[in-house]
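The shown structure was predicted, so the numbers you read here are calculated from the model rather than taken from an experiment. A, B, ... follow the sequence lines: proteins, then strands. Residue 1 opens every chain.
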Amino acid sequence: MGGSRLVGALKLWYIHHRRDLPWRRTRDPYAIWVSEIMLQQTRVEAVIPYYERFLARFPDVPALARASEVDVLSAWSGLGYYSRARNLRRAARKIAEAGSFPRDFESILALPGVGAYTAAAVASIAFDEPRAAVDGNVLRVLSRIGNDPSDIGSQAARARFQTQADALIDRNDPATFNQAMMELGATVCLPRAPRCLLCPVSAFCEARKQGTANELPVKRRKTATTEVEMTLVIVERPGRILLWKREAAGMMAGFWELPDASLLPSLKVRRPAGVFTHTIMNRRYRIQVVAGRLTKVPAGLDSPKFQWIARKEMSEMPVSTIARKALALAPPGTSTSRVRPGT
DNA sequence: AAATCGGGGAT
DNA sequence: ATCCCAGATTT
């Protein structure tokens, strides 16, 4: 099917047009693995600063393996999908115990938080194993090249695309092939307005020929979003703010949050601090922020999940993005509670 | 197969 | 306002 000519054109294009990304300057499997986990459902520009800070703080597997979960989550705070951070640390401990980094697709796949895509990416980029890494970019590129209207969400279609990509892969240089396919999807074969005039493989693209590139890939719609309203309260003692900690299991487990007004019956609102919206998956939060004080200690405030936290400490703690956004609306000293600790 | 898990940038 | 991003895991 002219695969080798397509691959040749793709590779030549990639050599000249690839972005200079931090994880492309190393062949350290650990660093490549960390980058791939961070890049799951996350844009390159968002990952770069996190990647550099994370590698500086946890430079190798042993450093990550001996870190506490709170430290790892703190380094991940704001990046989203926090189970990635927990699994990354768990996997590092497994690797440290095993004594060496796993060197083939199957062993890498066995690590927590690593699926077919990530295992293929690490195995090919770090160890030259010819295994196609099929991500959202590659699904889009392949669906267009073949003018394939399959729903890319379906399992059967995924399997077919994986087979296609494995057949197409350059066995002499799988690392370059995989990254070139993804780079093409990320910078040329774009979701909305593909830049076909700049595409090195447009001559091999059936969708280009049929004029259907804009309609591909086909993807099933997702469910509608629901609205949620909250009023978050900033109660401040000099230099400290009242936060509560999420349960050890469930969404954003162990993260710190601002209290909702419903948690504080004795709240006296001093002044509104602002309003903002935040979307998490299919929920849209409309959040009012108020600064206030407490006239008496509410029941449960002495529970360990409530604590007075200094603003400076928060940079080293897993704090939800909603709480960070809310706090950004209220500069220090906005509100001072008269309740003393332990009373 | 469908739901869930974060957050933000582009359109 | 919607889409979707170098996806994985659970239900």
Pairs in or reaching into residues 41-60 of chain A: which pass side chain to side chain donor-acceptor pair (under 3.5 Å), with residues at least two apart or in two chains?
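Residue pairs with at least one partner in residues 41-60 of chain A: A/Thr42-A/Arg84.
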N-O pairing of A/Asp20 and A/Arg25 below 4.0 Å:
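Yes, A/Asp20 and A/Arg25 are salt-bridged.
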Report yes if a side-chain nitrogen or oxygen of A/Arg284 is closer than 4.0 Å to either non-bridging phosphate oxygen (OP1 or OP2) of C/dT2; otherwise report no.
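A/Arg284 to C/dT2 OP1/OP2: no side-chain N or O under 4.0 Å.
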Summary of protein contacts for nucleotides 2-11 of chain B, nucleotide by nucleotide, where a base hit scores B, a sugar-phosphate-only hit scores S (4.0 Å, heavy atoms):
---BBBBB-S
What nucleic acid atoms does [X] come within less than 4.0 Å of, heavy atoms only: base, sugar-phosphate, or nothing?
X: A/Arg24; answer: base
X: A/Ala193; answer: nothing
X: A/Thr225; answer: nothing

I'd like to check the side chain to side chain donor-acceptor pair (under 3.5 Å) partners of A/Arg192; sequence neighbours left out, ordered by chain and number.
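Expected list: none.
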Taking only residues two or more places apart in sequence or in another chain, which ones pass side chain to side chain donor-acceptor pair (under 3.5 Å) with A/Asp170?
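Side chain to side chain donor-acceptor pair (under 3.5 Å) check on A/Asp170 returns nothing, list empty.
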Apart from A/Leu190 itself, which Ile, Leu, Val, Met, Phe, Trp or Tyr residues share its cluster (side-chain heavy atoms under 4.5 Å, direct or through members)?
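Answer for A/Leu190: none, a lone residue.
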Hey, what else clusters with A/Phe105 if you join Ile, Leu, Val, Met, Phe, Trp, Tyr whenever side-chain heavy atoms sit under 4.5 Å?
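Under the 4.5 Å side-chain rule, A/Phe105 groups with A/Leu109.
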Nearest heavy atom decides the nucleotide; on that basis, is A/Leu109 or A/Arg19 closer to the 5' end of DNA chain C?
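Per heavy-atom nearest nucleotide, the more 5' residue is A/Arg19.
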Could you state the atom-to-atom distance from CD1 of A/Ile108 to C1' of C/dA6 in whole Å?
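For the pair A/Ile108 CD1 and C/dA6 C1', the rounded distance is 15 Å.
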